[in-house]
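For reference, the structure discussed in these notes is given below.
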Amino acid sequence: MEVSVIRSCSQATNLKTELGFKDSRFSFGKFNEKLFFRKPNSVSFQSPLRRGKSGLRITAQAAQSDPLPKSKSSTKSKTLNRVRLFAGLPLDVVSGGTVNQFRAISAGLKALKLLGLEGVELPIWWGVVEHESMGKYDWSGYLTIAEMVRKAGLKLHVTLCFHASSQPKIPLPEWVLDIGKTKSNIFFKDRAGKPYRGCLSLAVDELAVLNGKTPMQVYQDFCESFKSAFSAFIGSTIMGITMGLGPDGELRYPSHRGFAKSDTVPGAGEFQCYDKNMLHLLKQHAEACGKPKWGLGGPHDAPANSELPTANTFFKDHGGSWESPYGDFFLSWYSSQLIAHGDRLLSLASSVFSDSAVNIFGKVPLMHSWHGTRSHPSELTAGFYNTATRKGYEEVAEMFARNSCKIILPGMDQSDKYQLKESLSSPESLLAEIGTACNKHGVGISGQNSTVGAPDGLKQIKKNMLSENLNDSFIFQRIGAQFFAPEHFPLFIEFVRKLNQPELHSGNLPTKEGTTTATDSVHTRSNLSIHMQSA
Amino acid sequence: MAAVTIDSLLQNPTLLFRPKAKVMLKPPRSLDCSRNRKLPLSRGSCFCSFNPRRTIHVVRASSSETALIGNFDTSSSDDIFYKDIFPVKRIEKVEGKFFIRLDRSKDQHDWQLTVGCSLPGKWILHWGVSYLGDSGSEWDQPPKGMRPPGSIPIKDYAIETPLKKLSEGDIFHEVKIDFNPSSEIAAIHFVLKDEETGAWYQHRGMDFKVPLVDYLEDDGNTVGAKRGFGVLSGALQQFSNVLLKSEASHADSQNNSIESKDSKNKNRCLEGFYEEQSIVKEVSVGNLVSVAVRKSPETGKVIVCLETDIPGDVVVHWGVCRDDAKIWEIPAAPYPPETTVFKNKALRTLLQPKATGNRSGALFTLDEEHFGFLFVLKLDDNTWLKFKENDFYVPLLGTSSVPGQYGQSDITTEEISSKSYTDGIINEIRNLVSGLSSEKSQKTKTKEVQESILQEIEQLAAEAYSIFRSSITTVPEEVVSETETTKPAVKISSGTGTGFEILCQGFNWESHKSGRWYMELKEKASEISSLGFTVIWLPPPTESVSPEGYMPKDLYNLNSRYGTIAELKELVKSLHEVGMKVLGDVVLNHRCAHFKNQNGVWNIFGGRLNWDDRAVVADDPHFQGRGNKSSGDNFHAAPNIDHSQEFVRKDLKEWLGWLREEIGYDGWRLDFVRGFWGGYVKDYLEASEPYFAVGEYWDSLSYTYGEMDHNQDSHRQRIVDWINATNGTAGAFDVTTKGILHSALERCEYWRLSDKKGKPPGVVGWWPSRAVTFIENHDTGSTQGHWRFPGGKEMQGYAYILTHPGTPAVFYDHIFSHHRSEIANLISVRNRNGIHCRSLVKIVKAERDVYAAIIDEKVAMKIGPGYYEPPSGSQRWSLALEGRDYKVWETS
């Protein structure tokens with residue numbers, strides 16, 4: 001990770017500030033704690049500046065002795081195990097076209113820049129931008145943020161949120177909810193028929209349910225509009241875009257409704273195949289398989305949302321229905337629907353942004369509770385057919401690879417030892433499993449911490465950042481009062497500073513063989529920092 | 001770096017309008033340069049920022065942009081394969097006028113001082129007066145009648161009044177100050193401040209002074225000498241003298257009338273005058289640099305056309321490069337006219353003015369094989385304009401590509417340029433490192449800079465935190481409940497002591513008078529302790545310019561008007577013997593100097609801490625400090641210490657450690673902590689590990705306007721923010737609670753004592769464990785009395801703070817008065833029921849004439865004339881205390 005600290009000048013209007021503003025860069029640790037100055041007014045190389053008695057000539061042009069790595073010519077280069085660090089902006093940073101807490105955001109951006117972060121993540125909500133009516137977009141608040149970020153000298157990772165947020169409350173667009181009032185089958189439903197209004201059901205992806213358009217078309221229009229509104233930033237400031245894939249932006253079914261508190265054992269979750277359109281698809285599929293009776297509904301012996309997996313027989317460790325031919329039939333179909341949905345959205349994003357120099361990401365959840373059982377109930381209900389006997393994330397990683405997308409994995413702050421024993425949870429081994437699948441398919445991994453937080457979270461994140469589980473970037477969630485609070489922020493500073501310590505002690509290049517991904521600017525910059533070390 | 005240039009027209013009294021050399025004023029806001037001072041900025045150069053605009057934009061360029069590159073389009077636009085417009089920002093000096101006028105107001109009795117400024121800006125007159133008989137350079141606040149509407153007092157020494165345009169069409173922003181010449185005012189002092197830029201406009205680093213009184217018998221030289229206040233004031237004085245001599249002939253003219261009046265044996269002699277000076281402000285101006293590249297079909301050569309609307313002489317330094325590395329090379333001739341080779345590395349070409357508009361430009365004809373065209377611009381004021389701190393770069397290998405591909409090639413360019421920039425730094429570093437005498441010194445410097453950047457990060461984070469938090473009003477309470485209630489109450493931290501502390505302020509404003517306060521107090525030690533106090537706050541111990549001790553000079557000299565260092569030690573020992581902890585009153589914000597600098601300004605220190613002017617903040621107009629700008633508000637009466645200097649902090653930490661060890665102080669009462677960032681306080685407290693510490697974060701502004709708002713959240717928020725900045729290592733005096741008690745008791749508005757969430761409305765409602773509640777201190781009460789608690793209602797105040805959470809502080813004057821036994825009783829109720837700084841308070845009544853609360857379900861209290869009795873439910877309440885308009889019950 002590049003941890004150079006750059007003092008930026010963001011107040012262009014106040015020249016006095018700029019006059020006095022220095023642009024010193026220094027690194028936390030990486031460059032053996034040496035100090036690097038750069039004067040804001042230091043001129044280009046043909047105008048050497050004498051500094052004091054030392055009579056040193058400061059040149060600010062490229063180092064002749066170190067030819068630059070050819071980033072253009074080679075598409076493959078060794079990935080250093082360095083990860084760019086981002087911090088997420090508040091979920092409600094923009095509402096009603098205006099930037100909330102503008103001053104706090106701008107101070108925060110400066111602090112992050114000084115701290116050496118690569119950039120920030122900006123959630124852009126469908127319900128904010130296309131709030132009023134279909135096709136009417138208001139990007140103004142987000143454009144302001146993008147400009148602030150650019151001025152601060154940071155990069156931007158944009159998350160396109162086609163889902164709703166409960167806290168803070170950011171619902172889906174009003175016109176979508178209006179449609180949902182009469183057509184509740186555009187939403188996922190559980191067995192009791194209760195709709196989930198946090199996102200649209202994947203079963204309607206290709207159905208013209210939104211004023212004559214399919215959700216896919218609406219998503220596409222949204223992306224196109226985003227692309228043209230942010231054309232000045234895409235590829236320069238905006239380097240990554242996360243495509244929202246479902247509840248909380250994640251590729252999954254809303255199987256765990258109303259997440260339980262961290263001190264209670266979570267339930268198994270519930271299959272979400274009960275809206276009219278899902279049932280229709282299931283029926284078709286069952287008939288095609290020659291098992292029409294299997295298509296009449298979901299598993300009858302699965303527990304309800306908040307019930308423990310043991311409450312019924314479907315997830316039983318031995319002899320549970322999940323291992324039966326019916327179980328395999330259902331779970332295959334259920335998970336393939338989810339993967340197909342992810343494929344649709346990611347290929348949409350890939351094609352819209354194909355001519356832009358941005359990476360496309362999609363988020364996959366870390367359904368780690370009950371991972372210690374054979375059936376992995378939480379993963380199954382969320383749509384991942386991953387059990388003790390079946391490597392379910394291979395298909396997922398393969399789908400990401402097919403679309404040249406990178407994966408975002410949350411929960412990097414969760415460690416096994418702080419999980420409730422009763423929940424048989426293992427975030428670490430699940431993470432490793434997904435990581436292996438991704439590495440196999442060459443899918444880059446970007447990490448996130450869970451929003452709920454975890455004890456010793458920063459320590460765990462650091463561990464993950466230095467491991468194979470993470471090779472692209474890390475997005476720390478999220479900026480806000482808590483983030484900057486005196487209880488937390490000093491720890492975060494410490495965390496950032498320590499990230500690079502391992503390299504302090506090793507004289508050699510911290511290169512690890514094996515992983516290869518497409519080159520981007522990060523890698524070449526990493527190389528540069530190595531030049532410095534060896535210099 | 002010149003902030004202001006002033007033509008001092010009045011330097012010579014005999015030649016009124018002879019132009020003089022320009023006087024360069026030191027800008028007080030030199031901001032962060034000082035951190036960088038080891039590599040001083042060269043004068044005249046400046047940093048410019050750029051908004052790179054993507055090539056794509058040209059497609060939908062605005063009309064002005066189109067106009068700028070219009071001429072490219074007319075010439076075979078088909079051949080143009082690259083176009084880009086770079087908006088650039090540069091600094092332009094705008095000149096304007098600034099005037100001072102003294103004349104009679106319309107009614108001919110009063111006089112009027114008018115200050116005006118013709119430059120745009122948000123101008124503030126920061127001013128004060130000095131009175132007859134005053135010595136020294138301190139300002140006083142002018143009498144109320146003199147303050148124009150909209151004035152805001154700045155503590156007790158100055159006023160800030162905005163300059164306004166009288167009508168839309170006016171050129172000048174003006175402020176008028178009316179005054180009565182027969183008053184005791186000797187002079188009006190002021191500096192001008194531009195709120196937009198934060199710059200101070202002053203006179204040679206000092207204030208402007210308009211003398212209002214003349215000493216006829218001392219006429220002449222002594223006047224100037226007496227007012228050692230710089231050229232202007234002296235000059236003005238002499239100016240009026242000149243007119244005085246010819247006064248007979250002008251006696252009737254409006255501006256030259258004289259009024260004489262006896263005033264303590266001195267004759268007042270006022271002269272009107274009008275004084276105009278030029279003033280220069282730097283504003284940032286946006287310009288455009290446009291570049292187009294086309295291929296000449298005839299010659300096959302590449303033609304780069306560069307044009308800009310920057311006025312004045314613009315020299316382009318340019319070259320070409322072979323590849324991505326962007327190493328500058330000099331191309332083969334021909335070159336445009338006015339081109340010279342610069343140090344064999346680049347070419348310099350003066351842009352030629354265009355026939356149309358105020359633009360200039362040049363055409364560069366290059367061979368086809370070049371990879372890119374690099375350039376930077378130099379303006380006629382030696383300013384360099386660069387592209388994102390890098391060279392402007394124009395790709396030339398684009399002849400075969402279609403314009404649509406630029407988006408991509410451009411991105412690559414940018415990545416590479418950021419790399420080459422990094423490389424540039426590498427070089428700089430190498431040079432720096434190799435040039436340094438020793439590795440060791442490098443390390444120390446690095447550490448220093450790291451520290452200062454870390455501090456900046458922390459400061460920014462604190463700012464972000466306070467805003468984020470204040471927008472989520474529930475959070476403060478959460479902070480309280482999470483971090484406070486869960487903690488065991490016995491844990492001692494410097495912000496709270498044990499949590500059961502009761503503080504006694506052991507002196508008043510007169511205590512220095514006897515010269516043996518320490519000895520007097522020593523005799524009362526056991527008495528104070530027996531009343532139930534656990535902590536006593538002693539007066540500031542250091543040598544001080546003012547007898548009360550708040551203008552410290554030599555910090556290590558502890559012989560003061562309160563007694564000698566030996567007596568102090570003896571007192572502390574006695575206090576410890578009776579079981580009390582002792583707080584030293586430490587003044588860290590400012591320090592009085594021992595010596596003058598070469599300009600005659602007092603900013604050089606002596607004694608064991610013989611700091612120079614680097615220890616003084618740079619943005620106080622009075623004291624020409626060379627430190628960084630202040631991290632807080634300035635206290636104008638003495639040089640404000642620059643806590644961002646490591647040597648200052650090191651010395652102060654050592655000093656605090658010495659006080660702890662040598663004297664035996666257990667903790668601190670920190671004076672005027674508004675003057676510097678709370679993060680430094682945290683640093684000091686962590687180093688000196690006090691048992692208890694409390695800061696005086698005095699925010700008087702909220703109380704200056706007649707009616708007080710019910711909601712004082714912003715006021716307490718500022719105090720809470722400060723506590724936060726100290727990381728909770730210090731408590732703070734709960735000024736908010738005092739203010740609200742004033743209004744509630746004075747006006748019989750007891751409803752004010754509950755905020756909209758039903759909690760106490762002061763700091764104590766948000767962060768009780770860090771709130772040090774009080775109703776009076778040496779400043780507000782005693783003989784100063786600038787904000788005295790409503791008379792006769794003190795006991796209601798004590799009934800409130802001594803039953804409520806927070807750490808209550810009782811003022812010396814109240815302890816040794818007729819309130820004594822009542823206070824003692826309240827303290828014993830508090831102690832008996834174990835009320836502590838985190839106790840829970842339930843407000844049960846907050847009405848017009850009565851406030852009642854139940855604390856920890858053990859103590860009930862009411863203040864106000866209205867009726868309240870605790871509920872006769874499961875708990876049995878018995879009346880413990882009763883006094884005028886207050887009652888306290890406890891459970892039996």
Side-chain angles (χ1 to χ4, degrees), chain A residues 5 9 12-22 24-26 33-41 43-44 46 49 51 54 56-64 66-68 72 101 103-104 107-108 110-111 114-115 231-232 235-236 357 480-481 484-486 489 521 524-525 528 532 535, chain B residues 1 29-33 35-36 39 41 45-47 49 54 56 89 91 197 199 282 284 317 324-327 342-343 345-346 376 384 391 411-412 414-415 419-420 422-429 431 435 445-446 449-450 453 456-457 460-461 463-465 467-469 471-472 475 724 727:
Chain A
V5 172
C9 301
T13 49
N14 183 350
L15 196 88
K16 293 199 107 48
T17 316
E18 291 189 349
L19 269 176
F21 228 121
K22 73 175 185 208
S24 72
R25 297 175 174 229
F26 78 100
E33 305 234 273
K34 273 173 194 151
L35 151 72
F36 312 112
F37 276 119
R38 177 172 172 84
K39 299 178 30 145
N41 54 342
V43 296
S44 62
Q46 64 275 58
L49 199 68
R51 289 190 173 171
S54 64
L56 281 177
R57 229 167 235 199
I58 305 302
T59 64
Q61 254 308 310
Q64 281 90 345
D66 291 320
L68 287 160
K72 265 172 93 186
Q101 295 129 2
R103 267 184 53 227
K110 273 186 226 166
L114 286 173
L115 201 49
S231 60
S236 53
F484 287 113
F489 195 69
S521 61
T524 50
R525 269 201 236 160
L528 274 178
M532 283 194 196
Chain B
M1 295 281 294
R29 274 198 150 224
S30 52
L31 284 173
D32 298 282
C33 349
R35 290 210 184 115
N36 212 359
L39 303 169
L41 296 172
S45 55
C46 75
F47 173 74
S49 66
R54 312 268 16 121
I56 312 153
K89 284 234 169 75
I91 293 321
T197 60
E282 289 171 336
S284 111
H317 279 229
D324 278 355
K326 296 191 188 159
I327 296 163
F342 182 76
K343 299 200 174 166
K345 281 181 170 174
V376 294
W384 291 90
D391 305 327
I411 287 147
T412 328
E414 195 171 294
E415 278 171 15
K419 264 183 289 142
S420 64
T422 323
D423 267 5
I425 301 171
I426 301 174
N427 260 10
E428 278 192 35
I429 293 149
N431 291 341
K445 278 177 193 165
T446 308
V449 172
Q450 278 206 5
I453 291 183
E456 169 131 14
I457 292 172
L460 286 164
E463 187 187 342
Y465 175 60
I467 304 167
F468 276 128
R469 214 201 24 177
S471 62
I472 320 165
V475 174
N724 241 320
N727 215 4

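Throughout, protein chains are lettered first and strands after them, A, B, ... in sequence-line order, and every chain is numbered starting at 1.
Shown here for B:A464 and A:A104, the closest heavy-atom pair between the two residues is CB-O, 3.6 Å. Contact record, A:A111 with B:A461: CB-N, 4.3 Å, taken as the closest heavy-atom pair.
Distance check, rounded to the nearest 0.5 Å: CG of A:L114 to CD1 of B:I453 gives 6.5 Å. Of the inter-residue distances, the one linking B:L460 atom CG with A:F489 atom CZ reads 8.5 Å to the nearest 0.5 angstrom.
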